[in-house]
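What follows is a single structure, written as structure tokens, with notes after it.
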Amino acid sequence: MITGLRSLSSELKFRDGGMVYTSLSSLTSNDFVRIYYLEQKRHCKALRKNAGMLSLSCPTTSKLMEGSFMRKKQLHKPPLKLEFVRTLLIDNYDSYTYNIYQDLSVINGCFGRSSLRLMKNCGVPPVVIRNDEWTWEDLCHYLYEEKAFDNIVISPGPGSPTCANNIGICLRLLHECEDIPILGVCLGHQALGYVHGAKVVHANEPVHGRLSEIEHNGCSLFNGIPSGRNSGFKVVRYHSLVIDPESLPKELIPISWTCSTDTQSFLEISNASSISDAHGIVSSDSMSEVQKSLRVWPLNSHQNMQNGKVLMAVMHSVRPHYGVQFHPESIGTCYGREIFKNFREITEDHWLNYGPLVTCKENVDYSGNQIRLRKPVSQLNHGTFPSRSIGHNGVGKKGVGLFDLVNLSYPSNGVKFLKLAWKKYDHLASEVGGARNIFYQLFGHHKAENTFWLDSSSIEKGRARFSFMGGKGGSLWKQMVFQLSDESGHPFEGGGYLSIEDAQGSATKTFLNDGFFDYLNKELSSFQYKREDYDELPFDFHGGYVGYFGYELKIECGAPYNQHKSRTPDACFFFADNLLVIDHSSDDVYLLSIHEECNTSTSWLDDAELKLMELRTSVPEKLIEESSLNVSFTPCKVEFVAEKSMEEYMSDVEKCKQYIKDGESYELCLTTQIRKKIEETDALRLYLRLRERNPAPYAAWLNFSKEDICICCSSPERFLQLNRDGVLEAKPIKGTTKRGVTTEEDELLKMQLQYSEKNQAENLMIVDLLRNDLGRVCEPGSVHVPLLMDIESYATVHTMVSTVRGKKQPNVSAIDCIKAAFPGGSMTGAPKLRSMEILDSLENCPRGIYSGCIGYISYNQTFDLNIVIRTVVLHQGEASIGAGGAIIALSDPSDEYEEMVLKTHAPSRVVMEFS
């Protein structure tokens with residue numbers, strides 16, 4: 001995978017000796033010359049002159065680097081500062097890499113200009129590759145022959161740098177690329193220590209999603225950032241391994257430590273200082289730049305170790321290599337973006353001594369808004385490079401990245417010109433008995449077969465506003481059922497079987513080589529429509545796909561395999577051409593119908609209108625008598641059976657904690673399921689009772705009768721929404737507690753949840769993960785968190801909810817956005833790929849529909865999807881309910897088991913009443 005860099009205008013100007021050049025062609029006719037401008041001379045020369053005093057010896061340099069690949073000093077060239085910085089960002093299969101990507105995209109260009117310009121995305125996005133995608137020859141080619149990059153950032157990641165599979169090419173890069181500025185974050189920091197002989201050991205305790213106050217020595221990486229206790233410099237840590245400071249070689253200098261052994265939760269300190277760089281840069285002391293840069297930890301390193309303080313950052317004594325153990329890209333880290341800005345300045349200072357870089361125009365394309373490496377390495381005229389399978393942009397095909405997701409040339413499945421007709425009825429909903437009566441009257445006949453209801457049954461505090469319902473409809477209606485073809489436990493070969501049934505009952509079955517997401521992308525790209533058809537509607541679903549994606553579809557989103565095969569289809573969707581919408585804010589009702597341009601029939605609109613008017617003119621009858629629902633709770637003879645016993649579940653929690661201790665994950669969302677055999681039951685009544693007992697903003701009813709699947713969902717969690725303005729929103733939930741019996745107890749439980757260090761850590765980790773997922777498909781600088789760790793209260797539980805938003809890139813489709821974030825991070829943990837592998841090995845059954853998502857994808861590429869939790873799945877004579885929780889280093893096995901059981905209470909009680 002490879003992510004492009006923004007280009008420069010062909011008319012960029014720079015000043016040299018009083019002359020202003022406006023054209024690159026005036027500088028060179030054959031090569032692309034990097035444009036520089038001279039802002040100021042910094043302390044770089046003095047630093048490099050004196051840095052040797054900090055080290056007794058310099059590591060041996062590879063013969064390869066001493067030869068033609070070495071970037072020689074170009075002393076004959078005038079020292080000019082970089083106009084923009086091109087970063088190679090190496091992803092160690094982490095789930096926070098694209099948070100770094102977003103920060104660097106803003107920082108790497110137009111530096112020194114107003115913050116307003118920065119927020120307008122005038123920066124230069126990094127190129128992102130996985131740590132095993134390029135061979136060493138590929139890397140050297142782009143670094144030393146194409147000279148395509150000015151610095152390198154090595155991302156965090158799972159595991160230890162002592163394992164080659166975890167760190168890939170990064171160790172050799174750190175060892176041999178001595179002349180290129182490199183910043184390692186977390187795993188990258190540990191790799192910097194390890195490659196020079198330091199030991200990477202277990203920390204005294206794992207620290208994930210918790211904060212520490214930091215002190216530093218004032219070197220260039222921390223320029224302008226305060227230091228020490230109560231200084232406002234607090235950082236988020238995600239690690240269980242550390243560099244042993246006693247093993248540091250003389251080449252590496254410690255430059256930062258924790259202020260104490262204590263960690264803090266986010267909310268207890270958030271009011272004391274800002275987590276945003278927008279609050280300004282703290283002025284540095286009067287010490288000269290050279291003095292600050294040369295300050296090493298003079299006498300207190302040993303004392304820091306004795307006090308149990310943790311080493312937080314190192315720098316190489318002569319190379320421009322730095323490492324930070326904490327995560328500057330986290331939403332909770334203060335001055336994180338300032339650290340990246342300082343690394344940019346370190347890069348600029350470094351290249352002051354080397355002169356402007358000359359990039360080969362033939363193979364590096366700066367046109368448009370992104371940089372692309374035009375020719376695959378295997379096609380370049382360099383016979384020394386081994387042949388290998390190289391994908392587009394010179395990147396191997398392993399892994400799923402942004403360019404794997406984004407593809408605007410999807411072949412069409414036959415262009416359809418869609419027209420939308422609609423009618424509005426002001427303040428009608430309550431006059432006809434509300435959403436429940438409307439659904440039952442219009443769609444509840446014949447056991448509500450082939451119907452859907454995206455049900456905002458909890459609308460308090462503006463959590464949800466619209467409900468969408470419909471059934472088997474007109475000429476465009478169809479049902480799609482997709483089943484993956486892979487055998488569980490084996491590497492995924494790709495594809496699956498798609499069955500389609502239309503409104504006339506005609507059925508087809510085909511094999512999709514490229515999978516279901518690809519099929520939907522092609523379908524959506526085949527629709528043409530006019531925006532004015534729906535401009536006046538206040539909601540974003542105007543007809544299209546309604547259904548679910550099952551958890552095991554993670555195989556199409558980067559997971560290497562599924563350990564278990566789902567018992568239910570991996571995806572089921574209706575194409576809904578007719579639907580009814582209720583606006584709970586205004587009580588208005590809308591009828592919508594989409595049809596092909598050549599078909600002008602409005603028969604469904606007329607029929608549905610007639611039924612609504614009949615309800616309006618008649619005395620509202622309670623079609624479902626309240627007395628019939630007020631069934632006393634009587635335990636059935638046959639109880640639910642858990643997939644795992646209490647002891648087994650608690651044992652799995654301990655295993656998760658060991659994985660976390662070993663650095664394999666920061667957080668693991670462990671789940672299980674309970675099941676119960678049921679006789680024939682009235683599934684719709686069951687759902688109506690569930691929505692009454694446990695109303696939720698993202699509730700849903702789906703009945704795929706041909707597949708014998710009824711889904712009764714009372715989810716409080718939004719997975720992902722894309723509105724017509726291109727704004728993406730996720731609302732992850734992490735942190736749950738029961739409601740209290742009394743008002744006083746309820747408030748106490750709510751406060752305990754709000755200020756729980758464990759729950760805050762869980763939530764923070766998932767927020768950073770969702771920022772990363774949105775960062776893969778959103779415009780640089782647009783991802784933000786308007787609400788962090790808000791408490792929402794429901795009928796049976798309090799939950800901790802955050803909101804993450806970003807502006808979708810224009811060349812990214814709706815399905816690309818879903819794939820970038822699926823499955824929802826709140827159901828996996830972080831890093832997502834490694835966590836899913838671990839969870840597959842621990843859980844003894846497929847998750848199926850549970851942990852997937854339910855919702856709509858409109859024909860005009862808007863969507864709104866929930867996370868499937870608090871849900872009863874009825875399938876082939878069995879009711880199943882999934883539940884679980886996030887396991888972190890602070891987790892207590894018995895508490896985790898109790899939380900898992902709590903989450904099953906509302907849906908399981910309803911099933912027990914109706915079966």
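Keep in mind that the numbers below use all heavy atoms, side chains included, and drop hydrogens, waters and symmetry copies.
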Notebook entry, point to check: When you look at R776 and Y101, which way does the side chain to side chain contact (heavy atoms under 4.5 Å, CB included) test go after all the steps?
Noted result: CA-CA 8 Å; R776 298 175 68 187; Y101 170 87; over 6 Å; no

Item checked: Note, C845 side chain near R675 side chain (heavy atom, < 4.5 Å) -> yes

Notebook entry, point to check: Minimum heavy-atom separation for A559 to M836, with atom names?
Noted result: CB-CE, 4.1 Å

Checklist line | Residue list, salt bridge (charged side-chain N to carboxylate O under 4.0 Å, His left out) with K807, at least two apart or on another chain | finding: none

Next item on the list: Measure up the F573 and F549 rings against each other and bin them: parallel (under 30°), tilted (30 to 60°), perpendicular (over 60°).
Entry: tilted

Margin query: Whether the S813 and N521 side chains hold a donor-acceptor pair (N or O, under 3.5 Å, no angle test) is what I'd like checked.
Written below: yes

Item checked: Crowding at CG, D725 (>12 non-hydrogen neighbours, <6.0 Å) -> yes

Note to self: Quiz question: by atom type and distance under 3.5 Å, do the side chains of R834 and N92 form a donor-acceptor pair?
What the structure shows: no

Notebook entry, point to check: What are the two closest non-hydrogen atoms of M480 and L520, and how far apart are they?
Noted result: CE-CD2, 4.4 Å

Margin query: I'd like to know if the side chain of D864 pairs up with that of Y698 as donor and acceptor (distance under 3.5 Å, no hydrogens or angles considered).
Written below: no

Item checked: Side-chain donor-acceptor pair present, N450, S705, cut-off under 3.5 Å -> yes

Notebook entry, point to check: Counting only N and O atoms by type, is there a donor-acceptor contact under 3.5 Å from the side chain of D577 to the main-chain atoms of L476?
Noted result: yes

Next item on the list: Anything under 30° is parallel, anything over 60° is perpendicular, the rest tilted; go ahead and classify Y529 against Y534.
Entry: tilted

Check: Looking only at heavy atoms, what is the nearest atom pair of P158 and L187, with distance?
Finding: O-CD2, 3.9 Å

Next item on the list: Determine the minimum heavy-atom distance between I854 and I711, stating which atoms define it.
Entry: CD1-CG2, 3.7 Å

Item checked: Student check: side-chain heavy atoms of N772 and K832 closer than 4.5 Å -> no

Note to self: Side chains of L592 and F539, heavy atoms from C-beta outward: is any pair under 4.5 Å?
What the structure shows: yes

Check: How many angstroms lie between atom CH2 of W134 and atom CG of L88, to the nearest 0.5 angstrom?
Finding: 5.5 Å

Checklist line | Aromatic ring pairing Y666/Y96, orientation class (parallel under 30°, perpendicular over 60°, tilted between) | finding: parallel

Check: What pair of heavy atoms forms the shortest contact from I594 to A576, and how long is it?
Finding: CD1-O, 4.0 Å

Item checked: Shortest non-hydrogen contact from P156 toward D94 -> O-CB, 3.1 Å

Notebook entry, point to check: Does a side chain donor of either S835 or T828 reach within less than 3.5 Å of an acceptor in the other side chain?
Noted result: no

Item checked: Ring centroid separation F468 to F452 under 6.0 Å -> no

Note to self: Could you measure the distance from the SG atom of C713 to the CG atom of L702? Nearest 0.5 Å is fine.
What the structure shows: 8.5 Å

Note to self: Is any side-chain heavy atom of P732 closer than 4.5 Å to one of E717?
What the structure shows: yes

Checklist line | Residues forming a side chain to side chain donor-acceptor pair (under 3.5 Å) with S858, sequence neighbours excluded | finding: N860

Item checked: Exercise: do T862 and D540 side chains pair donor with acceptor under 3.5 Å -> no

Next item on the list: Give a yes or no on whether F527 atom CZ has more than 12 heavy-atom contacts from other residues, nucleotides or ligands under 6.0 Å away.
Entry: yes

Next item on the list: For residues L865 and F822, determine if any side-chain heavy atom of one lies less than 4.5 Å from a side-chain heavy atom of the other.
Entry: no

Notebook entry, point to check: Counting distance only, does the side-chain N/O of Q861 pair as donor-acceptor with the main-chain N or O of A814 below 3.5 Å?
Noted result: yes

Next item on the list: Determine, stepwise, if the pair R847 / M827 fulfils side chain to side chain contact (heavy atoms under 4.5 Å, CB included).
Entry: CA-CA 11 Å; R847 295 191 184 183; M827 303 307 297; 4.0 Å; yes

Notebook entry, point to check: For N578 and S593, does a side-chain donor sit closer than 3.5 Å to a side-chain acceptor?
Noted result: yes

Note to self: Has S715 got a side-chain atom pairing as donor or acceptor with I867's backbone, closer than 3.5 angstrom?
What the structure shows: yes

Margin query: I want to know whether F863 and Y545 have ring centres closer than 6.0 Å.
Written below: no

Checklist line | Main-chain N/O of F516 paired with E556 side-chain donor or acceptor, under 3.5 Å | finding: yes

Check: Is D840 close to K554 at the side-chain level, that is, under 4.5 Å between some pair of heavy atoms?
Finding: yes

